[in-house]
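Everything below concerns the one structure shown next.
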Amino acid sequence: MGHVNAPDPEPIPVVRAVDHGTARLLPDVDRRRAWLLTVDGAPQSYVDLDDPAHLEFEYARRLGHVLDCAAPPGQPLDVLHLGGGALTLPRYVEATRPGSRQHVVDADRALSALVAEHLPLPPAADITVHGADARQWLENAPENCADVLVADVFGGSRVPAHLTTEAYAREADRVLRPGGRYAANLADGAPFAFLRSQLATFASVFAHVALIAEPGVLRGRRFGNAVLLASRGELDVAELARRTARDAFPARVEHGDGLRRFVGDARPVTDADAVDSPEPPGGSFSVG
């Protein structure tokens, strides 16, 4: 009588108290080894272990475009990630640019341990996770050590105040190589006091700044994510615009005079007057 392989057991959700709330790993019924990570109900990351180049969240896809445009296809990069979650973007870089050296900084050590246990990294990946405050770690990092710095740090659903200031932007500039890219996932809604102040802050440090966002968000119709880009060198806004326009939820790349009009009279943020990003309206970033 032939041996019949038993089907793989259905994945079950994982719930664990972590340093900054309650984390849940929720299996995706449509993708066999894909998981959604939430903390206190707010979506943090989506990872498909069988297809790490798959970016489910729109903001992650836009950050993926930035990483894709940072160097010729397949060329390894040195990438610094502030904010780790389930390590979606480090996995993406490893899949699309094998041999890249990556450092991830996340203050929630218990969350990092949960991810390492249930969503292990590929054995060959050169990805080092550091349990530390993002700004403190950045201030101790060597100069000119990164080609790309990705900031995706949320305390719950808000960007912490100390990661919004001119002094922080100068530290980001210090660790980036000439022509390196800074990319931050931010969130705001009309009248955009936070987003405008962030653009003013980074424009005071970097020669080139751009913003990737959906038109509906920029017109003030709803609260949502926006990706801030900054560099000492020219940004490839035309190629980024082509890529973001092809997404399922198309976005625009604002730069130059249009972006300056959007920023208006907003001032750079100092450590003395910094505040967390605004709380999303109820339901904006919740799951279930």
Side-chain angles (χ1 to χ4, degrees), residues 59 62-63 65-71 75-84 89-90 93 97 100-107 128 130 132-154 159-188 194-213 226-237 240 253-256 259-260 262-263 266-277:
Y59 84 83
R62 290 165 195 150
L63 289 169
H65 293 321
V66 174
L67 289 159
D68 290 344
C69 291
Q75 179 178 309
L77 292 172
D78 290 337
V79 185
L80 171 57
H81 304 264
L82 303 182
L89 287 167
V93 172
R97 299 181 178 276
S100 293
R101 294 179 299 183
Q102 302 187 78
H103 290 272
V104 181
V105 185
D106 199 303
T128 307
H130 308 269
D133 173 78
R135 178 156 165 189
Q136 196 170 24
W137 196 93
L138 190 67
E139 288 170 350
N140 290 303
E143 292 183 13
N144 301 324
C145 67
D147 299 307
V148 182
L149 194 168
V150 178
D152 186 14
V153 184
F154 282 79
V159 178
H162 69 303
L163 301 180
T164 68
T165 71
E166 198 169 14
Y168 161 73
R170 282 197 297 270
E171 288 297 325
D173 178 49
R174 185 183 63 80
V175 303
L176 283 168
R177 295 184 177 128
R181 307 279 196 272
Y182 175 87
N185 177 35
L186 305 174
D188 201 3
F194 175 74
L195 191 54
R196 291 167 60 238
S197 75
Q198 286 305 284
L199 289 161
T201 299
F202 279 82
S204 74
V205 174
F206 291 89
H208 301 276
V209 177
L211 185 72
I212 306 174
V227 171
L228 181 154
L229 297 179
S231 179
R232 294 183 221 170
E234 292 275 356
L235 294 163
D236 193 350
V237 292
L240 281 169
V253 180
E254 296 288 347
H255 63 102
L259 191 61
R260 281 188 283 274
F262 178 79
V263 174
R267 307 291 301 166
V269 177
T270 69
D271 281 334
D273 59 21
V275 295
D276 293 352
S277 69

Quick one: are [X] and [Y] in side-chain contact, heavy atoms under 4.5 Å?
| X | Y | result |
| --- | --- | --- |
| Leu138 | Leu149 | yes |
| Tyr182 | Val205 | no |
| Thr164 | Gln198 | yes |
| Leu195 | Leu211 | yes |
| Ile212 | Val66 | yes |

Has [X] got a side-chain atom pairing as donor or acceptor with [Y]'s backbone, closer than 3.5 angstrom?
| X | Y | result |
| --- | --- | --- |
| Arg62 | Leu240 | no |
| Thr201 | Val269 | yes |
| Asp276 | Ala161 | yes |
| Ser231 | Gly180 | yes |
| Glu166 | Pro268 | no |
| Arg232 | Phe206 | no |
| Asp78 | Asp147 | no |
| Arg97 | Leu67 | yes |

Do you know which two heavy atoms are closest between [X] and [Y], and how far apart they sit?
| X | Y | answer |
| --- | --- | --- |
| Glu139 | Arg174 | O-NH2, 3.4 Å |
| Phe154 | Pro160 | CA-CD, 4.4 Å |
| Val263 | Arg196 | O-NH2, 3.0 Å |

Is the closest basic N to carboxylate O distance between Arg135 and Asp271 below 4.0 Å?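 Answer for the salt bridge query: yes.
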
Salt bridge Asp273-Arg267, side-chain N to carboxylate O under 4.0 Å: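 No, no charged N to carboxylate O under 4.0 Å.
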
Who passes ring pair (Phe, Tyr, Trp, His ring centres under 6.0 Å) against Tyr168, sequence neighbours left out?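 Not a single residue meets the ring pair (Phe, Tyr, Trp, His ring centres under 6.0 Å) criterion with Tyr168.
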
